[in-house]
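In what follows, a structure is listed as structure tokens, so that the remarks can point back to it.
The chains referred to below are lettered A, B, ... by the order of the sequence lines, with proteins before strands, and numbering in each begins at 1.
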Amino acid sequence: MCGIVGLHLKNPELYPRLGELLASMLDCMTSRGPDSAGLALYGDDADHQPRMEIFKDVGLPREICERYGVAKRSGYQGIGHTRMATESAVTTEHSHPFAPAENMALVHNGSFSNHASVRRRLESDGIRFVTDNDSEVAARYIAHQVGHGADLGDALRMVLKEMDGFFTLLVTTATQFAVMRDSFACKPAVIAETTDYVAMASEYHALASLPGIGSATVFEPAPEEVYTWTR
Amino acid sequence: MTETLPSSLPLAESTPAPALPADARRRSHTFPPEVVAQIQRMADEGHYEIRGWGAKRHLPTFDDLVFLTASVSRYPLEGYREKCETKTVLGTRYASKPIELDIPITIAGMSFGALSASAKAALGRAASAVGTSTTTGDGGMTEEERAASKLLVYQCLPSRYGFNPKHLRMADAIEVVIGQGAKPGGGGMLLGQKVSQRVADMRTLPPGIDQRSASRHPDWVGPDDLRIKIEELREATGWEKPVYVKLGATRVANDVKLAVAAGADVVVVDGMQGGTGATQDVFIEHAGIPTLAAVRLAAEALREIDMADQVQLIVSGGIRNGADAAKALALGATAVSMGVGPLIALGCNSRTYLQDGVEHDATADYRALGTEPGYCHHMHTGMCPVGISTQDPRLEARLDPEWGTRRVINYLKSVTMELTTLARACGKSNVHNLEPEDLVALTIEAAAMAGVPLAGTNWVPGSSDCR
Amino acid sequence: MDTLNAGGVRLSCADLTTREINAALAELPDGAEARIEEPWGRHNLAVGLTNRITIDIDGNAGYFIGGLCDGPDITVDGFVGWSVGENLMSGSVRVRGNVSECAGASAHGGTIIIHGDASSRAGISLKGGTVLVGGDVGHMSGFMAQAGTMLVGGDAGHALGDSLYEAVIYVAGKIASLGSDAKVENLTDSDVLRVKQLIDLAGFDHIDPQNVKRVASARQLYNFDALKDQKY
């Protein structure tokens with residue numbers, strides 16, 4: 001039970017502001033998840049190859065962003081999460097984002113009701129887990145499908161078939177930014193799109209200070225629809 | 001044309017039936033007569049059984065714990081003379097007007113609709129007389145109840161039947177109901193036969209239709225949103241009133257921590273023995289965990305997050321007497337809450353009822369429901385033979401409210417005396433000083449669930465600690 | 001708190017806590033006007049008020065805006081979060097933007113007017129209030145609505161009016177699907193008149209009252225009957 005934010009920048013002029021914008025969005029979600037917080041930031045390295053970095057820790061989002069100098073970081077895409085732990089411990093390992101594969105990251109708000117069975121099936125396929133967090137199951141499930149050739153959208157649609165419960169998921173790869181909600185759509189999600197960016201958050205509050213938000217197309221993702229944006 | 005019938009045949013000389021062999025009535029543990037009857041009923045009716053009351057199956061209970069009262073190493077208080085404090089304060093975390101009770105025993109939420117208006121009023125008057133609170137239920141606040149109860153807890157339930165901000169401000173505390181021990185994860189139920197015009201009007205529904213209340217709140221889902229909801233309730237009432245969060249006992253440790261994270265002043269944990277006016281039997285008997293296990297988990301959860309001093313714990317579900325109350329308090333509850341016990345005191349399941357000063361026998365009415373005094377769980381029918389769980393004016397007249405009030409007062413006083421008797425014998429001048437170390441268990445199950453040693457050993461099953 | 005005009009006050013979320021803002025609003029006399037500035041998604045603004053005042057919220061706001069109110073007329077110039085006008089008793093909440101889920105949840109009275117779209121479960125558990133949406137509504141709207149009226153100027157999502165009781169839903173656009181026990185009924189003259197009144201109340205100009213669908217309960221789930229194979 002948590003707060004989610006994400007930002008996929010289309011306009012390279014905004015790249016230097018990625019960390020600053022995301023840190024402010026994350027701060028708005030403090031009350032949804034005061035236990036721990038984390039971010040995954042995507043940028044291009046010196047060889048122009050995409051590179052994802054994860055920063056996560058126990059504590060308030062503002063402190064964590066300061067600790068890792070998030071506001072000064074640039075990049076083209078990022079996601080963040082504030083956590084109110086439901087069924088597993090409050091530790092850095094249990095914090096989001098989960099990074100189940102190279103350059104893939106997932107944040108989740110909600111609660112899966114059959115994650116233990118899905119975990120057992122994945123473990124029998126040789127997948128290793130680091131925590132008992134239900135969100136890690138979704139992350140590894142998606143990575144497993146993508147590893148077997150599914151594209152991200154299809155992997156998310158398979159989550160709808162395999163996993164039960166209430167969930168809003170935001171998943172990123174080096175090139176994609178994807179949002180999906182379960183059939184009940186009981187956990188909040190708002191998307192705002194302009195020519196410069198796509199932004200997603202649990203509450204509008206977190207989007208309200210983005211540049212040009214006044215003219216953005218704002219909508220709530222429909223149940224069981226996969227929304228993807230590609231760099 | 002008539003035919004003469006043969007005269008009746010002479011009876012064969014009666015021979016006694018041969019005695020049954022010893023194994024002729026071997027009872028099946030898998031299909032005992034009750035299960036055979038249940039299967040026959042399902043085959044007749046085509047749906048699950050709906051009934052009232054709480055779990056009837058055998059469960060580990062507080063009866064499996066005993067107190068290590070004082071002897072030489074500790075000294076008892078004089079049982080009939082020396083004072084043992086029972087004052088209890090609830091809602092000290094955020095509320096500017098916490099609830100102050102004279103006894104750590106409250107009356108649990110029961111709806112007007114499930115109960116008659118006079119039953120609700122009798123409970124309210126009795127609670128006021130002994131200095132404790134009553135709680136509304138699914139269906140809103142009645143004038144009678146507000147007038148009768150000095151301290152009234154107003155429930156905010158998923159159905160929101162009759163939920164009114166005016167009543168919210170008239171309440172002394174607010175209880176956000178997430179679940180109930182009898183049916184954690186399920187919504188309430190009031191069958192059409194109890195939906196009288198007055199009940200229907202309060203709930204904004206046509207009379208006579210089945211009311212199946214929602215299992216989730218209409219305006220928020222999950223602890224992150226609950227946090228905002230609780231703030232709304234506080235804003236609407238000037239941050240005066242304690243906000244309780246009531247949980248059906250299932251994943252207790254997680255749920256208690258989340259209720260606290262969402263801002264609860266008081267957490268109410270209702271174990272699986274908790275009663276209900278009507279729900280599916282399969283829910284009553286097969287969902288949730290026993291109160292004995294729930295109280296320990298809840299108290300432990302509060303200690304783990306270092307909130308045991310700030311957030312109070314109320315435990316309910318099958319609390320019957322002062323021994324249950326004392327054990328719940330020793331395991332970490334600040335107060336207990338009772339529903340079925342006070343109803344029995346009012347006359348529920350009694351063979352007789354008092355009307356116009358005359359005692360009447362109700363056995364025939366119990367029989368008509370297919371039950372007997374002492375076994376009745378037919379609150380759902382609205383045909384209560386003693387006028388408590390009914391909306392039928394003819395039956396409601398069978399409960400003399402003054403007589404009922406006196407009986408509930410007597411019951412609550414007796415429970416309190418039992419509680420203080422045990423506390424004094426443990427050397428406590430305040431019932432809130434009872435602690436887990438005052439208890440040992442008689443069974444391994446109870447030892448494991450309550451986290452206290454098996455009597456005569458220092459073994460706490462499931463724990464590495466010995467004491 | 002600054003004076004807005006005769007009797008009016010300005011309250012800025014940049015300077016004041018939610019508690020301070022609501023306390024200031026509660027003290028205003030009937031007929032007063034207030035403006036809440038820089039709301040920035042703030043939750044629980046203008047909740048639980050009983051005075052007949054006018055409140056303008058100047059921007060986007062969070063959850064439960066106008067919840068538990070019994071009197072004021074509230075206007076939001078922006079987008080709001082979940083459960084706007086939750087358990088409203090009287091008065092109105094008007095949103096000149098989109099709203100999130102559960103708009104008007106359990107509203108017992110009063111009017112909630114949404115000029116944009118409403119997300120899932122608009123009018124859930126409605127108990128006599130009026131929910132008027134100029135745009136579309138999301139899935140499960142009108143779920144278990146007991147009494148009152150909804151008007152949808154745009155399209156309705158899946159499972160509209162699932163487990164409806166006595167509330168009535170009018171839809172001008174398309175209905176993706178009806179929920180259990182909901183059915184489309186013939187539009188009567190009194191329905192047309194009612195819709196016209198609702199359109200006038202909301203100030204909508206894109207709905208033809210002759211050309212809406214009336215959705216109401218088929219009343220097949222009112223009493224449990226196992227032999228009817230009800231979805232219970």
Side-chain angles (χ1 to χ4, degrees), chain B residues 42 44-48 50 94 140 156-169 174 187 189 191-193 195 200-222 224-239 280, chain C residues 18-19 21-23 25-26 43-50 62-65 67-70 81-89 101-108 121 123-128 143-148 163 165-167 217 219 221-230 232:
Chain B
M42 285 195 266
D44 284 343
E45 297 174 0
H47 59 83
Y48 41 50
I50 295 169
Y94 292 120
C156 176
L157 291 125
S159 71
R160 305 288 165 85
Y161 291 141
F163 195 78
N164 188 326
K166 185 178 77 184
H167 292 152
L168 191 66
R169 284 185 285 273
I174 303 160
M189 193 180 262
L191 298 186
Q193 54 266 38
V195 184
D201 288 347
M202 280 182 70
R203 300 178 182 220
T204 329
L205 282 168
I209 75 169
D210 295 344
Q211 298 188 358
R212 296 150 287 143
S213 312
S215 60
R216 292 197 309 267
H217 282 257
D219 52 344
W220 61 272
V221 180
D224 37 19
D225 293 347
L226 172 59
R227 189 182 172 108
I228 310 170
K229 180 69 193 176
I230 289 177
E231 185 192 55
E232 184 207 21
L233 293 168
R234 291 195 196 280
E235 283 293 321
T237 52
W239 292 70
Q280 296 91 330
Chain C
T18 306
R19 200 168 163 184
I21 289 170
N22 285 327
L25 291 172
H43 303 305
N44 295 320
L45 290 172
V47 302
L49 299 170
T50 54
Y63 279 41
F64 303 125
I65 302 306
L68 296 164
C69 273
D70 196 355
W82 276 47
S83 306
V84 60
E86 175 274 319
N87 217 101
L88 193 69
M89 301 304 289
E101 298 199 10
C102 309
S106 275
H108 287 64
R121 285 173 282 268
I124 181 174
S125 191
L126 195 65
K127 291 179 172 60
F143 182 43
M144 293 180 89
Q146 296 172 218
S163 306
Y165 292 100
E166 297 293 291
S217 177
R219 300 186 176 131
L221 292 179
Y222 276 19
N223 289 91
F224 182 45
D225 182 350
L227 298 179
K228 284 188 189 161
D229 263 345
Q230 289 174 325
Y232 222 74

Most heavy-atom pairs under 4.5 Å with chain B, out of C:Arg19, C:Lys127, C:Glu86, belong to C:Arg19

Hey, which of B:Asp225, B:Leu168, B:Thr237 has the most heavy atom pairs under 4.5 Å with chain C?
-> B:Asp225

Of all heavy-atom pairs linking C:Leu126 and C:Gly104, the shortest is CD1-O, 3.6 Å

N/O donor-acceptor pair under 3.5 Å between C:Asn44 side chain and B:Ala236 backbone = no

Are side-chain N/O atoms of C:Asn22 and B:Glu235 paired as donor and acceptor at under 3.5 Å?
-> yes

Counting heavy-atom pairs under 4.5 angstrom with chain B, the leader among C:Leu68, C:Ile124, C:Asn87, C:Thr18 is C:Leu68

C:Ala107 to C:Gly85 - nearest heavy-atom pair and separation = CB-O, 4.0 Å

Residues B:Glu232, B:Lys229: salt bridge by 4.0 Å N-O rule | yes

So which heavy atom on B:Gly162 is nearest to which on B:His167, and how close?
-> O-ND1, 4.2 Å

Evaluate the criterion side-chain contact (heavy atoms from CB on, under 4.5 Å) for residue pair B:Asp219 and B:Arg160; output intermediate values, then yes/no.
-> CA-CA 10 Å; B:Asp219 52 344; B:Arg160 305 288 165 85; 2.8 Å; yes

Part of B:Arg234 lying under 4.5 Å from any heavy atom of chain C = neither

Give, as side chain, backbone, both or neither, the part of B:Lys166 having an atom under 4.5 angstrom from any heavy atom of chain C.
-> neither

Among C:Ala23, C:Ser83, C:Gly67, C:Ser125, the residue with the most heavy-atom pairs under 4.5 Å to chain B is C:Ser83

So what's closer than 4.5 Å to chain B heavy atoms on C:Glu166: side chain, backbone, both or neither?
-> side chain

Selection from B:Leu205, B:Asn164, B:Ile228, B:Leu233 maximising heavy-atom pairs under 4.5 Å formed with chain C | B:Ile228

Interface moiety of C:His43 toward chain B, non-hydrogen atoms closer than 4.5 Å = both

